[in-house]
Novice: 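One structure is given below, represented as C-alpha cells, and several questions about it will come after.
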Amino acid sequence: MEINLGHSVLEANERLAGELRAAFKEKGVFAVNLMASPGAGKTSFILKTIDALRGELQVAVIEGDIASSVDAEKVKEAGAPAVQINTGGACHLDSKMIGGALSHLNLDEIDILIIENVGNLVCPAEFDLGEDIKVVISSIAEGDDKPLKYPRIFSEANALVINKMDLMPLSDFNLSAFKSTIAKLNPAASLFEISCKTGDGFEDWADWLKAAAEDAKT
C-alpha cells in the first residue's frame, strides 16, 4: 500500500483554509497572502501600505519568518497589530499556523489582514491560507527572469508588484521582457510599478487594494 503523505498534508491544509476563509468572510476581513523572495521588500511594502491606508482602513499583519520577530516589531511601531510566526526552518506558512495566529488578533477590529509569507518563490504557492488574494513582489535587484524560473507563483497571483523601481537607472533589468512573460503567464493579474524608498506608485496600489477589499464584501 502506498501512502501519499504530501497529498494528505495538502488536503488537511485545504480543509483548514476553507474554515479560515469562512471566518474572514463572516468578520468582513480582507486577507492578503503576500509572497516574495528574501530581500524583495515585503516588510517595507507592508509598512508603506499601512501608511497609505491610515485613517481609512485598519490593517493587521501576520509575519512569517524562519526566525526572529524583527519584522513584527517594525509593524507594531508603525501602529498596526502584528503577530509573528517563526516556522523554525519550514519554507512556507500553512493554514494551521494562520489559525493559531488568529487567536492573538481581534478580527472585529480588522479590515485588511496582510499575511507576510516566508521569503520563498516555491513552497508558499502550494498552500492555501484562506486568503482573498495572492500578491507577489518582485524587485529590480532580483533581475527580470524570476517569472520564467518560478512560473507557478506568478501565474496564481491576483496582483504583481515590481519594487525598487528607483534602481532601474542603475540596472539592466528588462522591464519589457518581464511584462511580456507576465502577459503570457497571467494576463489577468494587475501589475504595479513601485518604489518603497520614494513612495512612487503607492497611490495606485492603495486605491486598487481598497477597491478589491470593497468588492469582496458584495
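All of these numbers come straight from a predicted model, not from anything done at the bench.
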Novice: Using the rule that two of Ile, Leu, Val, Met, Phe, Trp, Tyr join whenever any of their side-chain heavy atoms come within less than 4.5 Å, decide whether Ile115 and Leu16 are in one cluster.
Specialist: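 No, it is not one cluster - the side chains of Ile115 and Leu16 are not joined through contacts under 4.5 Å.
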
Novice: What distance do Gln84 atom CD and Glu63 atom CD have between them, rounded to the nearest 0.5 Å?
Specialist: 6.0 Å

Novice: Side chain to side chain contact (heavy atoms under 4.5 Å, CB included) with Glu193: which residues, sequence neighbours excluded?
Specialist: Ile162, Met165, Leu175, Lys179

Novice: Between the side chains of Asp71 and Thr43, does any donor sit under 3.5 Å from an acceptor?
Specialist: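 There is such a pair (donor and acceptor under 3.5 Å, judged by atom type) between the side chains of Asp71 and Thr43.
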
Novice: Roughly how far, to the nearest 0.5 Å, is CG of Asp128 from OG of Ser95?
Specialist: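 Those atoms lie 7.5 Å apart.
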
Novice: Can you list everything that forms a salt bridge (charged side-chain N to carboxylate O under 4.0 Å, His left out) with Asp108? Sequence neighbours excluded, please.
Specialist: Lys27

Novice: Give me the atom names and distance for the closest heavy-atom approach of Ile62 to Ala101.
Specialist: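 It is CD1-CB, 3.8 Å.
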
Novice: Counting only heavy atoms not in Asp215 (residues, nucleotides, ligands), do more than 12 fall under 6.0 Å from its CG?
Specialist: yes

Novice: Mind checking whether Phe173 and Val136 sit in one hydrophobic cluster, side chains of I, L, V, M, F, W, Y counted as touching below 4.5 Å?
Specialist: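 The answer is yes; both residues are in one hydrophobic cluster.
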
Novice: Can you confirm whether Glu203 is buried at CD, in the sense that more than 12 heavy atoms of other residues, nucleotides or ligands lie under 6.0 Å from that atom?
Specialist: no

Novice: Do you know which of Asn163, Leu34, Ile114, Ile50 makes side chain to side chain contact (heavy atoms under 4.5 Å, CB included) with Phe45?
Specialist: Leu34

Novice: Can you find a heavy atom in the side chain of Ser37 that is under 4.5 Å from one in the side chain of Tyr150?
Specialist: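 Ser37 does not reach Tyr150 side chain to side chain.
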
Novice: Can you measure from OG (Ser190) to CH2 (Trp205) and round to the nearest 0.5 angstrom?
Specialist: 9.0 Å

Novice: Step by step, would you call Lys210 with Glu214 a salt bridge (Lys or Arg N to Asp or Glu O under 4.0 Å)?
Specialist: CA-CA 6 Å; Lys210 285 186 286 187; Glu214 190 62 33; over 6 Å; no

Novice: Is it the case that Asn117 and Asn33 place a side-chain donor and acceptor less than 3.5 Å from each other?
Specialist: yes

Novice: Less than 4.0 angstrom from a charged side-chain N to a carboxylate O is my criterion; do Lys25 and Asp132 meet it?
Specialist: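 No.
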
Novice: Quick test of your reading of the model: are Glu19 and Arg15 salt-bridged, counting only N-O distances below 4.0 Å?
Specialist: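 No, this pair does not count.
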
Novice: Roughly how far, to the nearest 0.5 Å, is the OG atom of Ser195 from the CZ atom of Phe202?
Specialist: 8.5 Å

Novice: I need the Leu57 CG to Asp111 CG distance, nearest 0.5 Å.
Specialist: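 Here the rounded value is 5.0 Å.
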
Novice: Quick check for you: to the nearest 0.5 Å, what is the distance between Ile194 atom CD1 and Asp166 atom CG?
Specialist: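 These two atoms lie 10.0 Å from each other.
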
Novice: Please determine if Arg54 and Asp51 form a salt bridge, counting it only when a charged side-chain N lies under 4.0 Å from a carboxylate O.
Specialist: yes

Novice: Give me the atom names and distance for the closest heavy-atom approach of Ile46 to Glu116.
Specialist: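 Nearest pair, atom of Ile46 first, then Glu116: CD1-OE1, 3.3 Å.
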
Novice: Which residues satisfy the side chain to side chain donor-acceptor pair (under 3.5 Å) test with Lys197, sequence neighbours excluded?
Specialist: none

Novice: Could you point out which residue of Lys164, Lys42, Met35 forms a side chain to side chain contact (heavy atoms under 4.5 Å, CB included) with Ile137?
Specialist: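 Exactly one pass, corresponding to Lys42.
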
Novice: Decide side-chain contact (heavy atoms from CB on, under 4.5 Å) for Phe30 and Ile133; before the verdict, give the C-alpha distance in whole Å, the side-chain angles of both, and the deciding distance to 0.1 Å.
Specialist: CA-CA 8 Å; Phe30 188 69; Ile133 61 169; 3.8 Å; yes

